[in-house]
Peer 1: 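I have a structure here, written as structure tokens, and I will follow up with some questions on it.
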Amino acid sequence: MLRVGVLVSGGGTNLQAILDAEKSGMIRNAKVVYVLSNNASAYALTRAASAGIANECISPSSFETREDFHRALLAAIEREQLDLIVLAGYLVKLPDEMIQRYRGRIMNIHPSLIPSFCGKGAYGLKVHEQALRRGVKVTGATVHLVDEGLDEGPILLQKAVEVKPDDTPETLQRRVMEEAEWVLLPRAIEDFARAAAEREDKA
Ligand code: GRF
């Protein structure tokens, strides 16, 4: 059973989609065992606690230097002995050392069809504002592996979502979450876990 850690900063609806997928049996080869946030008031931590999952807040503002924060973050991740790290709305840039150590085992959900509307400053509602400003008729979500770049790692899954003429950033964000993010992330985790289990069977 793959040990999964989920890093969050906000409401945790993507985390909830993963937990619901475990419950429904859609995810059967992986289990969320740890949730970490940089934001003590992230409702995602409440969702983790309600599900009986170990969770904590490690905030950059609690440390003298960025290096101290990175050390604490890495120590927490190592302690949990995770096989897969999932960024579900986590808004803090990971230290390169962590990306090197977990290369190929960190995935992120982004609320657009990368390479559109991604990179610096493209997060949360801003992504949908950019899509509406550009006038695209189709947007969606992307799950990709995380490397040292910003939203540049290998793409794992994508799902398209129609943009409606009367969409606001909020209505578009909601549709992209419901129709794409909450579908893709659990599937990407199960695909990853099943492939790992098959590799183990062959070994
Ligand atoms: C979502 O919009 C996701 O696309 C982005 O951050 C937001 C996280 O939402 N990465 P939630 O905390 O999972 O509800």
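Whatever order the structure lists ligands and atoms in, that order sets their numbers, starting from 1. Residues: numbered from 1 along the sequence shown.
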Peer 1: Would you mind reporting whether Y102 and L94 have side-chain heavy atoms less than 4.5 Å apart?
Peer 2: no
Peer 1: Which atoms of ligand 1 are found less than 4.0 Å from any heavy atom of P111?
Peer 2: 4 (O)
Peer 1: So is I109 close enough to ligand 1, meaning a heavy atom under 4.0 angstrom away?
Peer 2: yes
Peer 1: When clusters are formed by joining ILVMFWY residues with side-chain heavy atoms under 4.5 Å apart, either directly or through shared neighbours, do L184 and L19 land in the same one?
Peer 2: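 Yes, L184 and L19 fall within the same hydrophobic cluster.
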Peer 1: Tell me whether G124 has any N or O atom under 3.5 angstrom from an N or O of ligand 1.
Peer 2: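 N/O-N/O distance below 3.5 Å does not exist for this pair.
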Peer 1: Compare all side-chain heavy atoms of R175 with those of D167 and state whether any distance is below 4.5 angstrom.
Peer 2: yes
Peer 1: Side-chain contact, heavy-atom cut-off 4.5 Å: I77 with I85?
Peer 2: yes
Peer 1: Provide the number and element of each atom of ligand 1 under 4.0 Å from a heavy atom of G11.
Peer 2: 12 (O), 14 (O)
Peer 1: Heavy atoms only: which of S37, G89, A17 lies closest to atom 6 (O) of ligand 1?
Peer 2: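 Result: the heavy atom closest to atom 6 (O) of ligand 1 is in G89.
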Peer 1: Could you check whether atom CZ of R28 has more than 12 heavy atoms from other residues, nucleotides or ligands sitting under 6.0 Å from it?
Peer 2: no
Peer 1: Under 4.0 angstrom from ligand 1, any heavy atom of G12?
Peer 2: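 It does, in that a heavy atom of G12 comes within the 4.0 Å cut-off of ligand 1.
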Peer 1: Same cluster for L7 and L185 if Ile/Leu/Val/Met/Phe/Trp/Tyr side chains link at under 4.5 Å?
Peer 2: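 Shared cluster, no.
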Peer 1: Less than 3.5 Å between some nitrogen or oxygen of H110 and one of ligand 1, yes or no?
Peer 2: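 By distance alone, the answer is no.
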Peer 1: Counting non-hydrogen protein atoms only, what is the nearest one to atom 3 (C) of ligand 1? Give residue, atom name and distance.
Peer 2: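 Scanning the protein heavy atoms, the shortest distance from atom 3 (C) of ligand 1 goes to E181 OE1, 3.0 Å.
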Peer 1: Can you list the atoms of ligand 1 that are under 4.0 Å from a heavy atom of M177?
Peer 2: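 Reading through ligand 1 atom by atom, the close ones are 1 (C), 2 (O), 9 (O), 14 (O).
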Peer 1: Just to confirm my output: which protein heavy-atom neighbour is closest to atom 14 (O) of ligand 1, and how far is it?
Peer 2: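 Going by distance alone, atom 14 (O) of ligand 1 is nearest to T13 OG1, 2.6 Å.
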Peer 1: Could you tell me the separation between the CG atom of D83 and the CZ atom of R105, rounded to the nearest 0.5 Å?
Peer 2: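 Interatomic distance, D83 CG to R105 CZ, rounded to 0.5 Å: 7.0 Å.
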